[in-house]
Amino acid sequence: MSSLIADLLRQSGGTAVIDGGLATELERHGADLNDPLWSAKCLFSSPHLIRQVHLDYLENGADIIITASYQATIQGFKAKGYTEEESEAMLRRSVEIAREARELYYKECSSGDGADGKILKQRPILIAASVGSYGAYLADGSEYSGDYGDAITKTTLKDFHRRRVQILADSGADLLAFETVPNKLEAEAYAQLLEEENIQIPAWFAFNSKDGVNVVSGDSLAECGSIAESCKNVVAVGINCTPPRFIHDLIVLLKKVTTKPIVIYPNSGETYDAELKEWVQNTGETDENFISYVTKWRELGASLVGGCCRTTPATIRKIYSVLSSKESAILGKE
């Protein structure tokens with residue numbers, strides 16, 4: 001399993017580019033995401049918009065695209081009136097849409113039509129099937145606190161995620177992306193689930209933090225990283241949906257407990273108001289400030305870098321440019 005990421009990194013010069021925010025881009029294309037399903041709503045309302053956003057990221061240098069399944073759960077779809085079969089089909093559809101975007105991109109590369117500034121480069125592209133936390137399903141902001149209450153146990157979480165993980169693992173994705181993992185309990189549940197179900201594709205674990213030391217629940221990032229390190233299915237571990245200013249210290253902490261590739265895709269640094277369900281304006285980093293961090297993250301050991309909420313194809317293009325120029329400089333010295 002570890003060869004998947006190792007091969008990608010070797011072919012991309014040591015650092016690969018992950019895509020950026022999905023929901024913000026869907027809204028920019030006209031989608032209304034005011035719904036508990038959030039971006040997953042578009043799986044049935046406007047799949048063409050998801051495909052277009054995936055393609056936008058590929059055309060701006062992304063090597064890995066993440067499916068629109070972060071908030072897609074069987075339980076969530078059934079609450080909207082869909083049957084079990086329809087709910088499972090929409091999970092599979094999230095991967096199909098990403099695969100369609102990859103094929104469209106490869107066709108563009110073959111035709112060589114890059115006159116409008118697209119980055120058309122024939123290269124390995126991986127599809128990561130997103131698995132959002134239990135808190136994402138609740139749609140109450142608890143993926144930003146990690147507080148699920150005493151009634152939620154490891155068994156509860158495994159049972160909640162089990163069928164969804166099975167479906168996404170068998171859907172044609174290259175790997176599973178367990179994202180915005182807010183507490184140690186859910187990390188343990190994921191690790192056990194991967195082993196119990198004998199999942200045959202690799203995974204990464206990406207935690208979130210609001211203090212640069214711990215995950216958002218207050219659990220130790222070092223302990224959470226150690227869970228990922230000891231799970232054979234996990235081929236990369238890191239941080240997502242966290243302000244860029246915290247990433248430096250978090251990478252340093254992770255490097256102490258894992259030898260696996262470090263995956264980093266922060267948000268724009270803006271503050272999310274969970275009650276109003278909106279981002280607080282003018283609280284984030286500019287693209288220029290965001291990009292200024294990227295070289296430092298790479299030097300610290302990050303090898304998969306992209307963006308999360310509120311980052312755009314323009315952000316990803318800048319990351320691609322920074323990493324490509326660094327790669328060229330390294331090759332020049334050799």
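Count residues from 1 along the sequence. All values reported here derive from a predicted model rather than from experimental measurement.
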**R51 vs D56, salt bridge (Lys or Arg N to Asp or Glu O under 4.0 Å): CA-CA, chis, key distance, verdict** = CA-CA 9 Å; R51 189 184 307 110; D56 289 345; over 6 Å; no
**Closest heavy-atom pair and its distance - Q71, R164** = N-NH2, 4.3 Å
**Prompt:** Can the ring centroids of Y137 and W38 be said to lie less than 6.0 angstrom from one another?
**Reply:** no
**Asked** How about S133 and V181: do any of their side-chain heavy atoms sit closer than 4.5 Å?
**Response** no
**Message:** Just checking E195: does its CD atom have more than 12 heavy atoms from other residues, nucleotides or ligands closer to it than 6.0 angstrom?
**Reply:** no
**Asked** Between D35 and K41, which heavy-atom pair has the shortest distance, and what is it?
**Response** CB-CD, 3.9 Å
**Request:** Apply side-chain contact (heavy atoms from CB on, under 4.5 Å) to V17 and I64, showing your working.
**Result:** CA-CA 6 Å; V17 180; I64 302 174; over 6 Å; no
**Prompt:** Which heavy-atom pair separates L58 from Y105 by the least distance, and what is that distance?
**Reply:** O-CE1, 3.5 Å
**Item:** Y148 and Y134 aromatic ring geometry - parallel, tilted or perpendicular at 30°/60° bounds
**Value:** perpendicular
**No-hydrogen, no-angle side-chain donor-acceptor test under 3.5 Å, T180 and N240** = yes
**Prompt:** Counting N and O atoms only, with roles assigned by atom type, does the side chain of N267 sit under 3.5 Å from a partner on the main chain of R310, one being a donor and the other an acceptor?
**Reply:** no
**Request:** Mind running side-chain contact (heavy atoms from CB on, under 4.5 Å) on I125 and Y106 for me, showing each step along the way?
**Result:** CA-CA 10 Å; I125 292 166; Y106 281 149; 3.7 Å; yes
**Prompt:** CG/L43 to OG1/T67 distance, rounded to the nearest 0.5 angstrom?
**Reply:** 8.5 Å
**Request:** Find out whether T83 and K78 are in side-chain contact, i.e. whether some heavy atom of one side chain is under 4.5 Å from a heavy atom of the other.
**Result:** no
**Asked** Any side-chain heavy atom of R99 sitting closer than 4.5 Å to one from I127?
**Response** yes
**Item:** Pair W297 + F290: ring centers closer than 6.0 Å
**Value:** yes
**Asked** So, do L221 and N214 sit near enough that their side-chain heavy atoms are less than 4.5 Å apart?
**Response** no
